[in-house]
Structure formats: structure tokens, C-alpha cells
Amino acid sequence: MSPAARAERVVTSGTFSLDGETFDVDNNVWLIGDDEEVLIVDAAHDAGAITAAVAGRRVTAIACTHGHDDHTGAAADLAEATGAPVLLHPAERELWEAVHPDREPDAELTDGMLLTVAGVDVQVLHTPGHSWGSCSLYVPFLDAVFTGDTLFHGGPGATGRSYSDAPTIAASIRGRLLTLPGGTVVHTGHGQDTTIAAERANTPAA
């Protein structure tokens, strides 16, 4: 594995639309890798800004944590610019098709799947609740987990809209994320980082 493997954050701005409402949002896009290659986590808003941050490195894949338009809107353009495949959980297909009706994802993200970038393992955890196919990406080498909109600084992601469920997200967080080592850094889809230990106090009991 590469001793230079790291996580880099790119913040992009745009909108999120669902259930007939639209909101202005800032998104965290994450690059996992080293000086030679990277895995992109989420394709938010601005393919140009993300491609600039890639800075000529090889992109192994574009992994979308879920299908909301603020996480997938730039996926087609980003895939064209980098030549990388777009990966998405199959339960997110309906949300994806609302954004990209003429282009399918290139491959599926599935629970237990292992991706590799820069010699580092990236473990796919299916963490439904914010949406049915939401996934988190755990990278033991970095002591980090990339949770999309499943877990934030302060607790669970939103569940008040279509394709979401509060008990399901709480179960996902308790069963799949809070069982990770307490020192694991949580890299979120929006806002600041947190840790697994800090969020154990912010998740509802069963």
C-alpha cells in the first residue's frame, strides 16, 4: 500500500432538489488515493472543479454514496472527463434516473465489495436510511469512513423525504458505523468531519 495514500476534500456548491423543493447546498467531494491515482467519492455539482483537483492523476472510479442529485449531478461529465466508471448501489436507480435518464451507472456498489486505490482497500458498507441504497466507504489504512449523508457531525442524516426512513438510518449507523473503531474519522457529505466516538452519543438508542 502507498505510504502517501490520503484523503483530499473538494467543496462544490449547487442545489439539491427532491419532492418538489430545491435548496442551495455545499457538498464535500472526497479524493482517496496518492500522487498517481485517486478514487472519487461523490460527483457533486461541478465536474470541472473536481477534475482540476484530480490534477491529471488516474481516476479508478467515481463512487456515489447515494443517488440524490447533489451527489450525482456531475457524474456523467466527470466520467467523460476522466474515463472512470460510475459506481452506485442498485437501490438508487430511481433517484439516478431522475438526474441521468439517458445514462446508466457503469457498475454497482454492493455491501462487502472491496475497491482498491493506491494499494489501499476501500470497503463498501450498505448503510440504508437516508435513501435505500446509501453506502459508506471504510478505509482502514486511513482510519477513516466516508459516510455520504448517512452520518454527520451531530448525528444521523435527514430522513424526512422520499426514499428515506429514520429507524432504518439509526439501525445502519448503530450496526455498521458505530461498531468501527472510535478513533475512525468520519468524512461526511456536507460540513465538518467528526469521529465515530463522538457520534456514539448522538445516535438514538434502538
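With hydrogens and angles disregarded, no donor-acceptor distance shorter than 3.5 Å links the side chain of Asp46 to the backbone of Ala74. Although no hydrogens or angles enter the test, the distance criterion places a donor-acceptor pair under 3.5 Å between the side chain of His100 and the main chain of Thr72. Asp42 places a side-chain N or O within donor-acceptor distance of the main-chain N or O of Thr65, the cut-off being under 3.5 Å. Judged by distance alone, with hydrogens and angles left aside, the side-chain atoms of Asp70 form no donor-acceptor pair with the main-chain N or O of Thr15 at under 3.5 Å. Side chain of Thr195 to main chain of Ala198: a donor-acceptor pair is present (N/O by atom type, distance under 3.5 Å, no hydrogens or angles). Between the Ser172 side chain and the Thr168 main chain, a donor and an acceptor come within less than 3.5 Å of each other. Of the possible donor and acceptor atoms, none in the side chain of Asp26 sits under 3.5 Å from a partner among the backbone N and O of Ser13.
When all heavy atoms are compared, the tightest approach of Asp121 to Val139 is O-CG1, 3.6 Å.
The side-chain heavy atoms of Glu92 and Ser131, taken from C-beta on, include a pair separated by under 4.5 Å. Residues Glu36 and Arg58 form no side-chain contact, since every pair of their non-hydrogen atoms from C-beta on lies 4.5 Å or further apart.
If you chain together ILVMFWY residues whose side-chain heavy atoms come under 4.5 Å of each other, Val29 ends up grouped with Val10, Leu31, Val38, Ile40, Ile50, Val54, Val59, Ile62, Leu78, Val86, Leu88, Trp96.
Side chain to side chain, His130 and Asp165 fail the donor-acceptor criterion of an N or O pair below 3.5 Å. Under the 3.5 Å distance criterion, with hydrogens and angles disregarded, no donor-acceptor pair is assigned to the side chains of Thr159 and Ser164.
Salt-bridge annotation for Glu8 and Arg57: present, with a side-chain N of the basic residue lying under 4.0 Å from a carboxylate O of the acidic one. In this structure, Arg6 pairs ionically with Asp35, as a charged nitrogen and a carboxylate oxygen lie closer than 4.0 Å.
If you take NE2 on His45 and OG1 on Thr12, they are separated by 4.5 Å, rounding to the nearest 0.5 Å. Once rounded to the nearest 0.5 Å, the distance linking NE2 of His126 with OG of Ser136 reads 9.5 Å. Atom CG of Leu137 and atom CD of Gln123 lie 10.0 Å apart (nearest 0.5 Å). Of the inter-residue distances, the one linking Glu37 atom CD with Ile32 atom CD1 reads 12.0 Å to the nearest 0.5 angstrom.
For Glu80, the CD atom sits in a loose shell: 12 or fewer heavy atoms of surrounding residues, nucleotides or ligands are nearer than 6.0 Å.
The aromatic rings of Phe152 and His190 sit tilted, their planes meeting at an angle between 30° and 60°. Aromatic ring orientation, Phe146 versus Trp30: perpendicular (interplanar angle above 60°, classes split at 30° and 60°).
Both Ile169 and Val186 belong to a common hydrophobic cluster when Ile, Leu, Val, Met, Phe, Trp and Tyr are linked at side-chain heavy-atom distances under 4.5 angstrom.
For Asp143, the salt bridge (Lys or Arg N to Asp or Glu O under 4.0 Å) test picks out no residue, with sequence neighbours left out.
Of the candidates Thr147, Thr150, Asp111, Thr127, Arg176 forms a side-chain hydrogen bond (donor to acceptor under 3.5 Å, both in side chains) with just one, namely Asp111.
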